[in-house]
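One structure below.
Per chain, numbering begins at 1; letters A, B, ... match sequence-line order. All values below were derived from every heavy atom in this structure, side-chain atoms included, with hydrogens, water molecules and symmetry-related copies excluded.
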2 protein chains.
Amino acid sequence: MRLKSISYFKSSNLIKINPAQLLSLGFLGLICVGTLLLMLPFATKDRHHLSFVDALFEATSAVCVTGLVVVDTQTTFTTFGQIVLMVLIQVGGLGFMTVGVLIALFLGKNIGLQGRLMIQESLNQLSLQGMVRLVKFVVGFTLLIEGIGAIILAIRFSSDFGIGKAVFYGIFHSISSFNNAGFDLMGGFSSVTGYVSDVTVILTLSSLLIIGGIGYTVILDVLKKKSFKKLSLHTKLVLLITLFLNVVGPVLIFILEYNNPGTLGVLDIKGKVLGAFFHGVVPRTAGFNSLNTAELTLSSQFVTMLLMFIGGGSGGTAGGIKVTTFVVIILAVWTLIRGRDEVNIMQRRIPQELVFRSFSITIYSTAVVFFILFILTITENAPLNFLLFEVISAFGTVGMSLGLTPELSIVGKVVIAFLMFIGRVGPLTIAFALAKRTKKLPFKYVEEKIMIG
Amino acid sequence: MRLKSISYFKSSNLIKINPAQLLSLGFLGLICVGTLLLMLPFATKDRHHLSFVDALFEATSAVCVTGLVVVDTQTTFTTFGQIVLMVLIQVGGLGFMTVGVLIALFLGKNIGLQGRLMIQESLNQLSLQGMVRLVKFVVGFTLLIEGIGAIILAIRFSSDFGIGKAVFYGIFHSISSFNNAGFDLMGGFSSVTGYVSDVTVILTLSSLLIIGGIGYTVILDVLKKKSFKKLSLHTKLVLLITLFLNVVGPVLIFILEYNNPGTLGVLDIKGKVLGAFFHGVVPRTAGFNSLNTAELTLSSQFVTMLLMFIGGGSGGTAGGIKVTTFVVIILAVWTLIRGRDEVNIMQRRIPQELVFRSFSITIYSTAVVFFILFILTITENAPLNFLLFEVISAFGTVGMSLGLTPELSIVGKVVIAFLMFIGRVGPLTIAFALAKRTKKLPFKYVEEKIMIG
Ligand SMILES: [K+]
Ligand SMILES: [K+]
């Protein structure tokens with residue numbers, strides 16, 4: 001993430017704003033619009049009018065593609081309200097920056113260097129070249145994949161609902177899944193538990209959320225290159241770690257829940273496999289659940305929390321610290337233990353600056369999660385695992401819950417909404433946006449060792 | 001920590017052992033001896049014979065100056081058993097290396113370079129000079145402070161017990177406190193809850209454990225230098241952070257527990273202040289408790305866990321990641337957010353290597369803690385806060401518990417004992433001891449960026 005300040009009034013130099021600030025403000029604006037729309041009388045069904053805090057929470061959850069909900073989406077919102085949520089998810093998922101550029105493109109405007117820097121920030125890209133091409137690709141690819149997903153889901157749902165509802169449900173759940181939002185229209189906070197053994201629904205949702213969560217640069221790289229060898233280091237790492245976690249997660253859940261009567265225990269072997277697979281894949285970071293989350297063993301809750309914290313690939317719709325950050329810190333510690341200096345992987349050297357940044361992101365994220373957790377221990381009356389699960393879910397923009405969300409106090413709702421925002425905009429972006437950037441010192445202080453560890 | 005391999009058979013080159021391995025083996029040997037002594041029939045009172053796992057747990061807890069106990073020390077052990085524990089605490093606290101050197105000194109042997117390297121490792125020192133002098137100082141200082149503490153406590157206890165018991169209790173609790181062991185002889189797992197409002201006992205124990213936990217180099221530096229300005233950066237940092245945490249901890253506990261009828265709520269204002277002070281200071285890392293830990297609010301448990309994880313100063317009797325590690329990672333993240341490259345504090349620059357190592361220690365420690373926690377979620381049947389509290393307490397060699405220790409399964413006891421060992425020997429030492437050290441690569445790989453965060 002580059003942080004050159006961009007002046008919008010070059011001659012007057014009155015207002016300086018850096019990309020981190022613009023990105024944060026853009027998301028904030030979108031959340032405000034969403035909040036107002038969801039508070040409209042015809043957004044909610046009779047006697048379900050949302051309070052300001054609840055509307056704020058729901059809008060934040062949608063824009064930040066999290067999926068934590070204080071009210072049940074199906075029973076509370078009218079079709080209008082549900083469409084508002086769907087649009088917020090889509091705009092939030094694509095990133096307001098991409099959408100902004102798209103509008104400019106339609107208006108025939110040229111995208112200058114400053115605009116390109118913005119998009120670069122928004123998509124966390126590595127080079128300025130081809131930014132506009134990338135945005136076009138991102139939008140086209142998103143619509144294509146979501147379209148395919150919507151058709152498959154609509155056909156499947158048509159055997160359960162009328163054709164109109166099946167089509168709407170197909171579109172809604174395809175968008176919700178590809179954008180890793182985890183909102184659903186199944187009613188009664190049930191998510192997709194009714195489809196735990198349904199191959200079509202589970203595999204379609206899984207495919208959508210994995211593709212959406214892997215990051216656009218990876219997809220672009222894979223589509224461009226012919227062989228695995230030619231892929232960038234980033235792409236290789238994301239693909240391998242995603243594969244690794246998508247095997248380890250389900251296997252652990254399968255073992256830990258095999259006999260649990262509240263989850264896999266009551267299912268036949270097909271249901272067990274599908275249920276474990278979905279629950280192992282979903283925490284990074286879609287937030288649907290086909291198993292009753294509150295019934296999971298403490299061990300499975302723990303595994304889920306770890307996966308939620310790690311999250312998906314950078315530059316996609318996923319949250320968390322990201323799989324690459326995770327692998328860099330693991331490798332860095334391993335490098336130290338082995339007595340080496342440089343963090344190498346696949347015959348490439350990870351720049352020292354990236355290692356430092358990965359450590360910082362992880363520590364900073366942990367600090368934020370624990371700080372919010374501490375506030376919740378004061379304001380809420382719930383066991384630690386309920387609170388920790390909720391906090392990590394919000395930070396990772398996952399949206400799974402042990403059932404605490406609707407029970408949250410007003411303060412609890414506000415801080416969880418804040419955490420979803422931090423999780424979506426990026427763990428360090430808010431800090432970048434708020435902190436006063438200081439000039440580099442023109443000299444170096446004398447070095448002095450201290451004892452640590 | 002330097003890790004040059006030292007050959008004990010230079011000519012034959014048969015056995016190579018590095019200081020990390022020697023340190024680990026030394027502690028292991030001491031634990032084995034302790035386990036055998038505690039299993040002797042006359043170490044325990046009638047019908048209290050310890051199983052092997054229980055004896056192993058108790059010996060590990062004493063040698064690693066942790067203080068987690070599966071049986072009550074007063075009601076289970078004979079005076080002989082209690083003396084064994086006291087000696088294990090003293091030897092563990094001083095470090096077996098210091099003791100080894102002392103024996104060599106008494107035998108009139110010269111300490112060669114290799115021996116000095118060992119002691120350096122054991123005390124985590126920065127320079128080779130004056131190692132022997134340091135060891136002499138450490139032993140002398142320890143005995144002096146423990147002696148003063150023992151006298152004060154014995155006088156105070158003489159009004160509650162007979163003179164013989166008062167003297168023994170004075171010595172035992174002074175040693176236990178200075179070495180941050182947290183073992184007590186008050187009976188019924190009650191720790192010092194009976195003295196929560198007793199100024200003499202609370203302030204004596206606090207002074208002992210703070211001095212013992214601050215690290216010998218700091219004490220030496222303070223005794224040598226005349227003014228604060230002349231102190232080493234390490235000493236300044238440790239003093240300031242210790243002061244900071246010893247104010248913040250008690251203040252938070254005071255606020256969070258003020259009205260809790262299970263803890264401070266029933267006490268008068270003097271009791272409230274003393275109780276909050278002691279509970280805020282003790283997690284780093286003495287492990288006594290004057291309040292009923294199990295009755296703490298979840299928020300206070302959280303604060304306690306954080307303090308336990310941070311621990312005390314390097315090179316003393318304290319555990320945890322250490323206050324200096326903590327401050328370095330905080331500063332490093334802040335440095336990144338502010339857009340600077342170098343971690344500066346008090347007009348000194350922290351070497352990049354130390355920053356990297358601080359991050360690694362923190363991440364590695366977190367990983368170890370969470371891995372053991374995951375095992376406990378499978379083997380134990382207890383709420384998350386009980387498990388997490390127990391695990392962090394063992395890692396930080398603190399010894400506080402919400403009451404889970406005596407209820408642990410056999411697997412639980414073994415992994416907690418293992419964690420106390422890791423926590424005492426040093427988060428990375430075991431890894432250093434086990435990992436195959438690799439030679440530096442004779443070339444550098446090509447650098448390639450990846451997207452993170
Ligand atoms: K989500
Ligand atoms: K202790």
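For B:Ala382, the part lying near chain A is the backbone, with the side chain staying farther off; criterion is any non-hydrogen pair under 4.5 Å. With a 4.5 Å cut-off on non-hydrogen atoms, B:Leu306 does not touch chain A at all. Neither the backbone nor the side chain of B:Leu376 comes within less than 4.5 Å of any heavy atom of chain A. Heavy atoms closer than 4.5 Å to chain A are found nowhere in B:Val323, neither backbone nor side chain. Heavy atoms of B:Thr362 lying under 4.5 Å from chain A belong exclusively to its side chain. Proximity to chain A is limited to the side chain of B:Leu387, based on heavy atoms less than 4.5 angstrom apart. When heavy atoms are compared at a cutoff of 4.5 Å, B:Ile330 does not approach chain A at all. Both the backbone and the side chain of B:Ser232 come within contact range of chain A, judged by heavy atoms closer than 4.5 Å.
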For this session: Please report the C-alpha distance between A:Ile337 and B:Tyr364 in whole Å, then the side-chain angles of each, then the deciding distance to 0.1 Å, and finally whether the side-chain contact (heavy atoms from CB on, under 4.5 Å) criterion is met.
Result: CA-CA 10 Å; A:Ile337 290 174; B:Tyr364 182 82; 3.8 Å; yes
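In this structure, A:Phe370 and B:Phe302 approach most closely via the heavy-atom pair O-CZ, 3.2 Å. Nearest heavy atom pair, residue A:Ser360 against residue B:Ala332, reads OG-O, 4.4 Å.
Put simply, the side chain of B:Leu384 does not reach to within 4.5 Å of the side chain of A:Phe386, judged on heavy atoms. When side chains are defined from C-beta on, B:Val333 does not count as touching A:Ile361, because their heavy atoms never get closer than 4.5 Å.
Looking only at distances, a side-chain donor or acceptor of B:Ser299 sits under 3.5 Å from a matching main-chain atom of A:Thr377.
A:Phe356 has its ring centre no less than 6.0 Å from the ring centre of B:Phe356.
Of the listed residues B:Leu237, B:Ile363, B:Val327, the one with more heavy-atom pairs under 4.5 angstrom with chain A than any other is B:Ile363.
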